[in-house]
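Both counts, for ligands and for their atoms, begin at 1 and track the order of listing. Atoms considered below: every heavy atom in the structure, side chains included; atoms not considered: hydrogens, waters and symmetry mates.
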Amino acid sequence: MFRLVYNLSITLKKMMNMSTEKFHVGKAVIRLVQGDITEQDIDAIVNAANSSLMGGGGVDGAIHRKGGPKILEECKRIRATEWPNGLPTGKAVITSGGNLKARYVIHTVGPIWRGGNHGEPELLAEAYRNSLKLATSKGLKTVAFPSISTGAYSYPVEKASRIAIATVKEFLETEDKLDMVVFVLFTRHDFEVYRNAAKEIL
Ligand code: AR6
């Protein structure tokens, strides 16, 4: 009996982790998956970083932990050369993927939620747009995003998901160099929220 319940819970967990949804925009695909972005085998994953580029908690911490010290070294170089005062909100930079399966990490800074009247929607859209622009300028074809700003930066996920999906859609409509954009949502709840937004917008 214990074994049956145990096996059932493993199967259910696997099924939950396998949640995935696919949408088409032009010749590109937008895919939503529930999971861990550090496991993605893809050209580039996007890091929801902070201006320091020196790492932190959440997805940033997970990427640096799994990616190893090479990523931080490259971030330090970027700070020393391009952005001595830190990477401004909405901008993006790129490093290698270190020990990750992903070839590159694009680091961007989402806005901290301060009620919504401090330019947060436009800055969040900029973070997505500049990450995508950087990916295409490097000739990359596939990019995975986490839900930028909706963790430590407290952006309400219902609002953020609409901006994320609409911004990626707009980008793919005006530019046909990317094959696939994946949103990797860490929790079942976030996956459902993004799926609802995608069904409405795409
Ligand atoms: N894979 C996918 N998504 C993840 C993962 C993962 N491994 N880990 C967390 N998330 P956050 P922010 C989700 O806080 O709100 C950092 O300290 C998480 O559940 O990582 O942009 C930085 O250094 C949430 O849905 O990023 C900054 O200081 C989403 O990723 C600050 O947090 C974003 O949560 C940035 O805050």
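Here the side chain of K141 pairs no donor or acceptor atom with the backbone of D43 at under 3.5 angstrom. Between the side chain of R79 and the backbone N or O of P84 there is at least one donor-acceptor pair closer than 3.5 Å.
Between atom CG of residue L185 and atom CZ of residue R188 there is a gap of 10.5 Å, rounded to the nearest 0.5 Å. Atom NZ of residue K91 and atom OG of residue S51 lie 11.5 Å apart, to the nearest 0.5 angstrom.
Contact annotation for D190 and ligand 1: only side-chain heavy atoms (C-beta onward) come within less than 4.0 Å of the ligand.
Transitive grouping of hydrophobic side chains (ILVMFWY, heavy atoms separated by less than 4.5 Å) brings L124 and L134 into a common cluster.
Annotation: I37 places an N or O atom under 3.5 Å from an N or O atom of ligand 1; distance criterion only.
With distances taken over non-hydrogen atoms, the option nearest atom 14 (O) of ligand 1 out of A152, G58, S149 is A152. Summarising the contacts of atom 33 (C) of ligand 1 with S147, S154, A48, the nearest heavy atom is found in S147.
Near D60, meaning under 4.0 Å from one of its heavy atoms, ligand 1 places the atoms 22 (C), 23 (O). Applying the 4.0 Å criterion to heavy atoms of G56 picks out, from ligand 1, the atoms 17 (O), 23 (O). Residue G57 has at least one heavy-atom neighbour below 4.0 Å for each of these atoms of ligand 1: 16 (C), 17 (O). Ligand-side atoms of ligand 1 in range of D36: 1 (N), 6 (C), 7 (N), range being under 4.0 angstrom from any heavy atom.
Considering only residues two or more places apart in sequence or on other chains, L123 meets the side-chain contact (heavy atoms from CB on, under 4.5 Å) condition with T89, P111.
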